[in-house]
Undergrad: 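Have a look at this one.
The chains referred to below are lettered A, B, ... by the order of the sequence lines, with proteins before strands, and numbering in each begins at 1.
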Amino acid sequence: MNDTVYSVLQKRGFIEQVSDEEGLNKALEQKIVCYAGFDPTADSLHVGHLLPIMALVQMQKHGHRPIVLLGGGTAMIGDPSGKTETRKILSREEVIQNTESIRQQFIRYLDFETQDGALLLNNATWLEPLTYITFLRDIGRHFSVNKMLAAESYRSRLATGLNFIEFNYMLLQAYDFLHLYQTQKCILQLGGNDQWGNILAGIDLIRRMHGGTAYGLTLPLITTASGTKMGKTEKGAIWLDPKKTSPYDYYQFWINTDDRDVKRFLLLFTLLSIDEIEKLMAIAEQEGWNAVKRVLAFEATALTHGYTAAQHAQESARSVFYGDGFYLDSLPSTIFSFDKIRGGIPAFILFADTGLCASRSDARRLIDEGGGYVNNQRLKSFDEKINTSHIKDGVILLRAGKKKYHRVIIK
RNA sequence: GGAGAGGUACCCGAGUGGCCAAAGGGGGCAGACUGUAAAUCUGCUGGCGAUGCCUACGGAGGUUCAAAUCCUCCCCUCUCCA
């Protein structure tokens, strides 16, 4: 007997809370339609979105129909859940633009082509035409303000302040669920745990208006073993768009996973079977964690950027960390003219101009602290001149600290 | 609408005329140690070819030799009352 989706999701660590475990299990015996929403608040998805995506992937893998709901309408409002303060309201143009660029990114993960394949919808389609009075009468009357205020996502905001526009977010998300229930027979919503209240509101609305039954399942908030929110680094999010986070950096992000997180991440963010993952754990015991982290990084990169890009990233990493690392095109790089360095250019200016350092002052600091390298030779002074003698095969290899490499291509 | 409190760097938060590019903590970066891990210790953490100059304590003006600090107006947030 094959495992059901539910038990797979459970074993892999996808499940935080379920509205009605027994009922959902029963419902999952048939093919169902489920959805997860993604608000286009930026022009790319990031690693934080990966969990609901992978959950949808697992659903599709097990024969169910996933809907990707782009929040072109809800993004205009701004979800207060899990946020400590109101975020700035995006302009219409931004939302539309973001929606377009995010749309493309889902194609990698889900199959939208085959019959009954995944669907991609935008809630702006039905939210924008709503009229206020009608909405209040039809939908608004089903909501108890007392109940809403008791919801964690709002309660935590009462101290710091909650704007009325945000207060409405729950209604809109509930309405989305209702709409998908009516038009697509969608009976399950997946979402982050901070969405729990919003999801329940949808289930409730469906019951009140149609006497229908729907389910909700929330995914755990993924924090790393060291306690930080996953996928956020000081440089900002790890994006899924290769133009914003290169496949090489993406691969490096996964390689740098904390030992304690490796197994969990393999289960959540790769499609390797549970058996295979167990085997990898045995390998970690014998050969050390790096071997297994390479598998994690490769699999995760391949899912997001494709097999070839993952291979390139892996080769670059290997060459840079274990070889001389010169010929690798997937490292971040900048092209400079020969003229620029002909007369010799001070190292700190070069570091700043490539973007490897945020400013010249930053570059001076880095080099003063012994963290600046050219061709893997540590620089002694920030104004050391870099000139044509440093070019090897048309490239000067810069390095900041232990891991950040940058190629300067001289043309 | 009324009364009160407040807005300081990436975040929290001290500072109530000069010694303030602004204590302390967190975060981050670098170094050492390592396994491209974790933990620990040390240094750094606005910009500028730089023992100095410029910009910065919600915004705009003003007082002063000197303003994060005092005054005026404005904007925003919170608490209580309506």
Side-chain angles (χ1 to χ4, degrees), chain A residues 80 83-89 156-166 223-238 248-266 280-281 283-298 300-301 313-323 325 328 330-332 343-353 355-374 376 378-386 398-406:
Chain A
K83 310 238 168 17
T84 49
E85 52 195 52
T86 310
R87 79 176 151 217
K88 76 168 175 37
I89 293 181
S156 57
R157 284 290 298 278
L158 290 180
T160 52
L162 178 67
N163 199 292
F164 184 66
I165 185 172
E166 301 175 280
T223 50
T224 62
S226 40
T228 57
K229 201 169 175 183
M230 185 200 174
K232 293 275 182 193
T233 66
E234 64 309 335
K235 296 268 178 283
I238 303 293
Y248 173 80
D249 287 333
Y250 191 79
Y251 180 89
Q252 287 299 315
F253 165 76
W254 292 101
I255 278 282
N256 286 319
T257 300
D258 192 306
D259 291 1
R260 294 166 288 179
D261 291 324
V262 173
K263 183 175 181 186
R264 198 161 48 117
F265 287 3
L266 280 167
L280 286 171
M281 287 302 110
I283 291 174
E285 297 271 316
Q286 291 163 10
E287 295 180 32
W289 285 99
N290 281 347
V292 177
K293 286 182 190 180
R294 276 195 288 275
V295 177
L296 170 64
F298 182 83
T301 308
Q314 188 160 60
E315 276 162 25
S316 296
R318 183 173 294 148
S319 162
V320 145
F321 287 98
Y322 302 103
L328 298 151
S330 66
L331 285 180
I345 179 171
F348 76 102
I349 292 180
L350 189 61
F351 272 69
D353 287 4
L356 192 52
C357 290
S359 66
R360 293 183 178 186
S361 300
D362 191 34
R364 291 167 71 130
R365 249 178 255 126
L366 176 81
I367 298 168
D368 280 344
E369 287 168 347
Y373 300 79
V374 168
N376 286 321
R378 180 179 281 179
L379 292 165
K380 293 185 189 66
S381 134
F382 70 84
D383 59 357
E384 218 168 288
K385 284 276 203 302
I386 305 305
L398 306 184
R399 189 175 124 207
K402 270 179 298 189
K403 306 182 205 168
K404 280 195 308 248
Y405 285 87
H406 195 100

Undergrad: In terms of the nearest nucleotide of RNA chain B, which residue is placed more toward the 5' end: G401(A) or A317(A)?
TA: G401(A)
Undergrad: Partner lookup for A68(B), please. Criteria are Watson-Crick or G-U wobble with both distances under 3.5 angstrom; report none if nothing qualifies.
TA: none
Undergrad: Looking at side-chain heavy atoms only, is the closest gap between M281(A) and V262(A) below 4.5 Å?
TA: yes
Undergrad: How far, in whole Å, is G7(B) from C70(B) if one measures between their P atoms?
TA: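 C70(B) and G7(B) have their P atoms separated by 11 Å.
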Undergrad: Write down the distance between CG (L296(A)) and P (U36(B)), rounded to a whole number of angstrom.
TA: 16 Å
Undergrad: With K293(A) as reference, evaluate N256(A), D259(A), D258(A), T257(A) under the side-chain hydrogen bond (donor to acceptor under 3.5 Å, both in side chains) test and give the passing residue.
TA: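 Answer after filtering N256(A), D259(A), D258(A), T257(A): D259(A).
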Undergrad: If pairing requires Watson-Crick or G-U wobble contacts with both distances under 3.5 Å, which nucleotide is the partner of C29(B)?
TA: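 Pair assignment: C29(B) / G43(B).
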Undergrad: Report yes if at least one side-chain N or O of N290(A) is closer than 4.0 Å to OP1 or OP2 of U36(B); otherwise report no.
TA: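 Result: yes.
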Undergrad: Under a 4.5 Å cut-off applied to non-hydrogen side-chain atoms, are V374(A) and F351(A) in contact?
TA: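 Sidechains of F351(A) and V374(A): in contact.
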Undergrad: How many Å lie between CD1 on I255(A) and C1' on A38(B), as a whole number?
TA: 16 Å
Undergrad: Which one, G31(B), G47(B), A30(B), comes nearest to the side chain of Y373(A)?
TA: G31(B)
Undergrad: Partner lookup for G1(B), please. Criteria are Watson-Crick or G-U wobble with both distances under 3.5 angstrom; report none if nothing qualifies.
TA: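 Its partner is C81(B).
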Undergrad: Between atom CZ in F351(A) and atom P in A30(B), what is the gap in whole Å?
TA: 12 Å
Undergrad: If I pick the C1' atom on G46(B) and the same atom on A68(B), what distance separates them, to the nearest angstrom?
TA: 16 Å
Undergrad: In terms of side-chain heavy atoms of K402(A), which of C33(B), A30(B), G35(B) is nearest?
TA: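 Of all the options, the side chain of K402(A) is nearest to C33(B).
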Undergrad: Taking the minimum atom-to-atom distance to the side chain of R365(A), which one of A38(B), G46(B), C29(B) wins?
TA: G46(B)
Undergrad: Rounding to an integer number of angstrom, what distance separates A66(B) and G59(B) when you compare their C1' atoms?
TA: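 These two C1' atoms come out 23 Å apart once rounded.
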Undergrad: May I have the distance from K404(A) (atom NZ) to A30(B) (atom P), rounded to whole angstrom?
TA: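 Rounded to whole Å, this separation is 4 Å.
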Undergrad: Expressed in whole Å, how much space separates the P atoms belonging to C10(B) and A5(B)?
TA: 29 Å
Undergrad: I want to confirm an ordering. Mapping R294(A) and I349(A) to their closest nucleotides on RNA chain B, which one lands closer to the 5' end?
TA: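 Between the two, 5'-proximity favours R294(A).
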Undergrad: From the set C33(B), G35(B), C44(B), return the single nucleotide nearest to any side-chain atom of K293(A).
TA: G35(B)
Undergrad: Quick one: R364(A) CZ to G43(B) C1', roughly how many Å, whole number?
TA: 17 Å
Undergrad: Do the side-chain N or O atoms of S359(A) get closer than 4.0 angstrom to the phosphate oxygens (OP1, OP2) of C48(B)?
TA: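 It does, given that an N or O in the side chain of S359(A) lies less than 4.0 Å from OP1 or OP2 of C48(B).
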Undergrad: Is U63(B) paired to anything, Watson-Crick or G-U wobble with both distances less than 3.5 Å, and if yes, which nucleotide?
TA: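 Checking every strand shown, U63(B) finds no partner, since no pair has both distances under 3.5 Å.
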Undergrad: I'd like the P distance from U16(B) over to C65(B), given in whole Å.
TA: 23 Å
Undergrad: G35(B) base to D259(A) side chain: any donor-acceptor pair below 3.5 Å?
TA: yes
Undergrad: Could you state the CG-C1' distance from L356(A) to A30(B), rounded to the nearest angstrom?
TA: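 Result: 13 Å.
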Undergrad: P atom, G25(B) versus C44(B): distance in rounded Å?
TA: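 Nearest-Å result for G25(B) against C44(B) at atom P: 12 Å.
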Undergrad: Between C78(B) and C73(B), how far apart are the P atoms? Round to whole Å, please.
TA: 23 Å
Undergrad: Do I386(A) and L379(A) have side chains that get closer than 4.5 Å, going by heavy atoms?
TA: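 SC-SC contact between I386(A) and L379(A) confirmed.
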Undergrad: Just how far is it from atom CD of Q252(A) to atom NZ of K404(A), taken to the nearest 0.5 Å?
TA: 12.0 Å
Undergrad: Does OP1 or OP2 of A37(B) have a side-chain N or O of K403(A) closer than 4.0 Å?
TA: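 True: K403(A) side-chain N/O within range (under 4.0 Å) of A37(B) OP1/OP2.
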Undergrad: Roughly how many Å is it from CD in E287(A) to C1' in U36(B), rounded to a whole number?
TA: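 The answer, rounded to whole Å, is 17 Å.
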Undergrad: Does a salt bridge link R365(A) with D362(A), judged by any charged N lying under 4.0 Å from a carboxylate O?
TA: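 D362(A) and R365(A): salt-bridged.
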Undergrad: Rounding to a whole Å, what distance do you find between R157(A):CZ and U79(B):P?
TA: 12 Å
Undergrad: Can you check whether any acceptor in the base of G31(B) is under 3.5 Å from a donor in the side chain of E369(A), or vice versa?
TA: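 A donor-acceptor contact between them is absent.
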Undergrad: Nearest of C29(B), A38(B), U36(B) to any side-chain atom of N256(A)?
TA: U36(B)
Undergrad: Out of C48(B), A32(B), C29(B), which nucleotide sits closest to the side chain of R360(A)?
TA: C48(B)
Undergrad: Mind checking whether Y405(A) and Y373(A) have ring centres under 6.0 Å apart?
TA: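 Here the rings of Y373(A) and Y405(A) have centres that are no less than 6.0 Å from each other.
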Undergrad: Starting the side chain at C-beta, find the nucleotide from U36(B), C33(B), G46(B) nearest to Y322(A).
TA: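 Nearest to the side chain of Y322(A) among the choices is U36(B).
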Undergrad: Taking the minimum atom-to-atom distance to the side chain of F321(A), which one of U36(B), A50(B), A32(B) wins?
TA: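 Of the candidates, U36(B) comes closest.
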Undergrad: Taking the C1' atom of each, how far is C71(B) from A3(B), in whole Å?
TA: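 Looking at atom C1' only, C71(B) and A3(B) are 23 Å apart.
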Undergrad: Is the closest side-chain heavy-atom distance between F321(A) and I255(A) below 4.5 Å?
TA: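 Side chain of F321(A) against side chain of I255(A), heavy atoms only: no contact under 4.5 Å found.
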